[in-house]
Amino acid sequence: MAVRTRFAPSPTGFLHIGGARTALFSWAYARKHQGEFILRVEDTDVARSTPEAVQAILDGMRWLGLDWDEGPFYQMQRMDRYKAVIQRMIDEGKAYYCYCSKEELDAMREQQMQQGLKPRYDGRWRPEAGKVLPTKPEDVPPVVRFKNPVSGTVVWDDLVKGRIEISNEELDDLIIARADGTPTYNFCVVVDDWEMGITHVIRGDDHVNNTPRQINLLQALGATLPQYAHLSMILGDDGQKLSKRHGAVSVMQYDDDGYLPEAVLNYLARLGWSHGDDEIFSMAQFCEWFDLDHITPSAAQFNTEKLNWLNAHYIKQTDAERLAEEVQKRLHAMGVSVTASPDPAKVVDLYRERANTLQELAAAVRYFYGQPEIDSAAAEKHITPDIVPVMRSLLSDLGQSEWSAEAIHVAINHAVSSHGLKFPKVAMPLRVMLTGSAQSPSIDAVMAILGKEETLARLESYLARHSEL
RNA sequence: GUCCCCAUCGUCUAGAGGCCUAGGACACCUCCCUUUCACGGAGGCGACCGGGGUUCGAAUCCCCGUGGGGACGCCA
């Protein structure tokens, strides 16, 4: 049977790193098996679902390049279908109306907690042969509850965690339709997974406890059970749980911060999954290798430093045109307009090996398109009065020189040797005057790309501004 | 409280009873390269949560602790 997986986010917020990994694994599993990957938006919580969140999730998926074969389906558009199934279950005696008020339920829970019991519905409205039900209250609109089996156990072989067995005595009759008639999560999931022919449910392990309920429901409907794979959660960089209040950020934030989607994907792939010692691989390779057997059952801590390393790697690989475009976009956001000269592609090539993120790359390269901000400590250290005559003579040589890194190097060497100095003694002041910083690629290469006119202008201008030297 | 899950270097992980003197990667440290900073190269530091079993043999299997996490909603 063809593999069919799904990613089923609820649109109550952006796509965060945990959701992204779940989506990635589901997607990769389908791709690996030439199956289908389905996107389903679980928006039955009307109060918390928003169209903005739907959009944010779709944006995140697209940025990562996780393409889906069917959907997006929206559960709110499938109401008729759920209601029909609920009615059928009531008719068949597999579900029943419950007239308990919320207050009544709260009281029940509290009492059970106090007694050290697991809080659960006591089944007071559950019809049984020979049982007399309470009198229906006038003012309580009923919910619909599923008649969960009272004995036996639910067992499944989780593809990540192995065999899990839960006694039906731990479960209660869950609500499948609210008082207003709308179906609830566990019910919609079951109907959808069933009708959409999902063969492998790959999801976060916060759903482990829902699984036995869903299996019971599926069995009541006479559906074929899918296989389950529960992924452990991803912890924040500090080892703490990610939440809206703490550390959980949108995958799009990684875009803003200057991470390439291939780096994020590669990082996520290795978080909780492994293929021997392989660390760096393409998504094509990942789809070929991916399997559920090598997923770690334990939680994983996010490590930004390793992401940085991967991102730096992909920045080195990316072609100059694309890199230049990304950098241009970011410089623009910083209020710097990129001109055709110096050539942005050459500029990024010069700096790509020393940037962890595109944001760093943009910041590093900024001085090519505007006056550098001089690091005063660096200036004080490297630009001393005795260097001024050297700079003057170099300036005049440079004015006569052909403009290539090699020719510039010769000119600098000439200044160095004719004044009896060491190379850095001249290179450092140049570096600070031209780039503003004491760190840069080879200064002759920088000058070659900066251009003759601009280089000479910056040097002249610096000397003119610092007559005290 | 009850149920469920998890446990190898700081972090991500390899490990399916002997291949383990526990391997790789990030980070960190040292050295090399060098025109500064990076990149790159070569080394180094560094872990099987504890206790009992099973076995000729256990990081691997079982049990008990301990520690972490999750779930107990008319949320998903």
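First the proteins, then the strands, lettered A, B, ... as listed; each starts at 1.
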TODO: Could you measure between the two C1' atoms, the one in B:U11 and the one in B:A7, and give it in whole Å?
DONE: 15 Å
Task: N/O (side chain, A:T44) to phosphate O (OP1/OP2, B:A76) under 4.0 Å - done: yes
- [ ] In whole angstrom, give me the gap between the P atoms of B:C64 and B:G23.
- [x] 32 Å
Protein-nucleic acid N or O pairs under 3.5 Å, nucleotides 40-42 of chain B:
unit_1, atom_1, unit_2, atom_2, d
B:G40, OP1, A:K316, NZ, 3.4

TODO: Examine A:Y314 together with A:Y259 and report whether their ring centres are nearer than 6.0 Å.
DONE: no
Open item on the list: Considering every strand and a 4.0 Å limit on heavy-atom distances, what is the contact class for A:L271: base, sugar-phosphate, or nothing?
Closed with: sugar-phosphate
Open item on the list: Any base atoms under 4.0 Å from A:A300, or only sugar-phosphate, or nothing? Heavy atoms, all strands.
Closed with: sugar-phosphate
TODO: Round to a whole Å and report the spacing from NZ of A:K161 to C1' of B:G69.
DONE: 9 Å
- [ ] Output, in order, the C-alpha distance, side-chain angles, deciding distance and verdict of side-chain hydrogen bond (donor to acceptor under 3.5 Å, both in side chains) for A:W273 and A:D291.
- [x] CA-CA 9 Å; A:W273 176 84; A:D291 59 6; 3.0 Å; yes
Task: B:A7 pairs with, by Watson-Crick or G-U criteria that keep both distances under 3.5 Å - done: B:U66
Open item on the list: Please report the distance separating the P of B:C19 from the corresponding atom of B:A59, rounded so that it comes out in whole Å.
Closed with: 9 Å
- [ ] Go through B:C3, B:C6, B:C26 for me and flag the one nearest to the A:E305 side chain.
- [x] B:C26
Open item on the list: Nearest 0.5 angstrom please: A:L434 CG to A:R431 CZ, how far?
Closed with: 10.0 Å
- [ ] Measure from OH on A:Y96 to P on B:C74 and round the result to the nearest Å.
- [x] 12 Å
TODO: Give the nucleotide from the list B:U2, B:G24, B:A76 with an atom nearest to the side chain of A:T184.
DONE: B:A76
Open item on the list: If the cut-off is 4.0 Å, is A:R109 near the phosphate of B:C72, judged by side-chain N/O to OP1 or OP2?
Closed with: no
- [ ] Walk me through it: do A:D386 and A:K425 pass the test salt bridge (Lys or Arg N to Asp or Glu O under 4.0 Å)?
- [x] CA-CA 10 Å; A:D386 58 306; A:K425 183 72 183 159; 3.8 Å; yes
TODO: Verify the contact: side-chain N or O of A:K241 to OP1 or OP2 of B:G69, cut-off strictly under 4.0 Å; return yes or no.
DONE: no
Task: Distance, C1' atom - from B:U36 to B:U21, rounded to whole angstrom - done: 43 Å
Task: Separation of A:K147 NZ from A:L217 CG (nearest 0.5 Å) - done: 14.5 Å
Task: Spacing of OG1 belonging to A:T5 relative to NE2 belonging to A:H200, to within rounding of 0.5 Å - done: 8.5 Å
Open item on the list: Using a heavy-atom cut-off of 4.0 Å across all strands, would you classify A:N210 as base, sugar-phosphate, or nothing?
Closed with: base
Task: Residue A:D45, side-chain heavy atoms: nucleotide from B:G24, B:A76, B:C12 that is nearest - done: B:A76
- [ ] Let me know the distance between CG of A:D291 and P of B:A16, rounded to the nearest Å.
- [x] 15 Å
TODO: Give a yes or no on whether a donor-acceptor pair under 3.5 Å exists between the nucleobase atoms of B:G23, that is its base, and the side chain of A:D277.
DONE: yes
Task: Nucleotide B:G73, atom C1' - distance to CG of A:D173 in whole Å - done: 15 Å
Open item on the list: Any base atoms under 4.0 Å from A:P9, or only sugar-phosphate, or nothing? Heavy atoms, all strands.
Closed with: nothing
- [ ] Check whether any side-chain nitrogen or oxygen of A:H313 sits under 4.0 Å from OP1 or OP2 of B:A25, and answer yes or no.
- [x] no
Open item on the list: Among B:A71, B:U36, B:C12, which nucleotide has an atom closest to any side-chain atom of A:D206?
Closed with: B:A71
- [ ] Kindly point out which of B:C74, B:G70, B:C6 is positioned nearest to the side chain of A:M233?
- [x] B:G70
TODO: Between B:G70 and B:G57, how far apart are the C1' atoms? Round to whole Å, please.
DONE: 37 Å
TODO: Among B:U36, B:C37, B:C26, find the nucleotide with the atom closest to the side chain of A:R354.
DONE: B:C37
TODO: Could you tell me the separation between the CD1 atom of A:I443 and the CE atom of A:M433, rounded to the nearest 0.5 Å?
DONE: 10.5 Å
Open item on the list: Using a 4.0 Å heavy-atom cut-off, does A:T296 contact any base of the nucleic acid, only the sugar-phosphate backbone, or nothing at all?
Closed with: sugar-phosphate
Open item on the list: Without decimals, in angstroms, what is the distance between A:I176 CD1 and B:A76 P?
Closed with: 13 Å
Task: Near-ring test A:F7/A:F37, centroid separation under 6.0 angstrom - done: no
Open item on the list: Closest approach to the side chain of A:E170, judged atom by atom: which nucleotide of B:C6, B:A76, B:C3 is it?
Closed with: B:C3
TODO: Have a look at A:V208 and say if it touches a base, only the backbone sugar-phosphate, or nothing, with a 4.0 Å heavy-atom cut-off.
DONE: sugar-phosphate
- [ ] Under 4.0 Å between any heavy atoms, over every strand shown, what does A:H207 touch: base, sugar-phosphate, or nothing? Just pick one.
- [x] base
Task: Under 3.5 Å: donor-acceptor pair, side chain of A:S274, backbone of A:R270 - done: no
TODO: Give a yes or no answer on whether the side chain of A:K94 reaches the backbone of A:A220 with a donor-acceptor pair at less than 3.5 Å.
DONE: yes
Open item on the list: Measuring from the side chain of A:K306 (C-beta onward, heavy atoms only), which nucleotide among B:A76, B:C3, B:C26 has the closest atom?
Closed with: B:C26
Open item on the list: Over all strands shown, is A:C98 touching base, sugar-phosphate only, or nothing at heavy-atom distances under 4.0 angstrom?
Closed with: nothing
TODO: Would you tell me if any nitrogen or oxygen in the side chain of A:S274 comes within less than 4.0 Å of OP1 or OP2 on B:A14?
DONE: yes
Open item on the list: Taking the P atom in each of B:U30 and B:C48, what is the distance between them to the nearest angstrom?
Closed with: 26 Å
Open item on the list: By the 4.0 Å heavy-atom rule, please label A:S298 as base, sugar-phosphate, or nothing.
Closed with: sugar-phosphate
TODO: For B:G44 and B:C26, measure between their P atoms and round to the nearest Å.
DONE: 15 Å
Open item on the list: Students often get this wrong, so: under 4.0 angstrom with heavy atoms, is A:H409 touching a base, only sugar-phosphate, or nothing?
Closed with: base
Open item on the list: Counting the atoms with a prime plus P, OP1 and OP2 as sugar-phosphate, which does A:Q301 contact under 4.0 Å by heavy atoms, base, sugar-phosphate, or nothing?
Closed with: sugar-phosphate
Open item on the list: Quick check for you: among B:A76, B:G73, B:C26, whose closest atom lies nearest to any side-chain atom of A:P119?
Closed with: B:G73
Task: Over 12 non-hydrogen atoms of neighbours within 6.0 angstrom of CZ in A:R366 - done: no
Open item on the list: Are A:Y185 and A:H207, when compared by the centres of their aromatic rings, separated by less than 6.0 Å?
Closed with: yes
Open item on the list: Using whole Å, what does the distance between atom P of nucleotide B:C26 and atom CG of A:D237 come to?
Closed with: 17 Å
Open item on the list: I want to verify a distance call: between B:A71, B:G1, B:G73, whose nearest atom is closest to the A:M113 side chain?
Closed with: B:G1
Open item on the list: Tell me whether the side-chain N or O atoms of A:N303 pair up with the base of B:A27 as donor and acceptor below 3.5 Å, since no angle test is needed here.
Closed with: no
Task: Along RNA chain B (nearest heavy atom to each residue), the more 5'-positioned of A:G162 and A:I175 - done: A:G162
TODO: Could you state the atom-to-atom distance from CZ of A:R270 to P of B:U11 in whole Å?
DONE: 15 Å
Open item on the list: Whole angstroms only, please: what is the CG-C1' distance between A:N311 and B:C12?
Closed with: 17 Å
TODO: Taking atom P in both B:A25 and B:A42, compute the distance separating them and give it to the nearest angstrom.
DONE: 10 Å
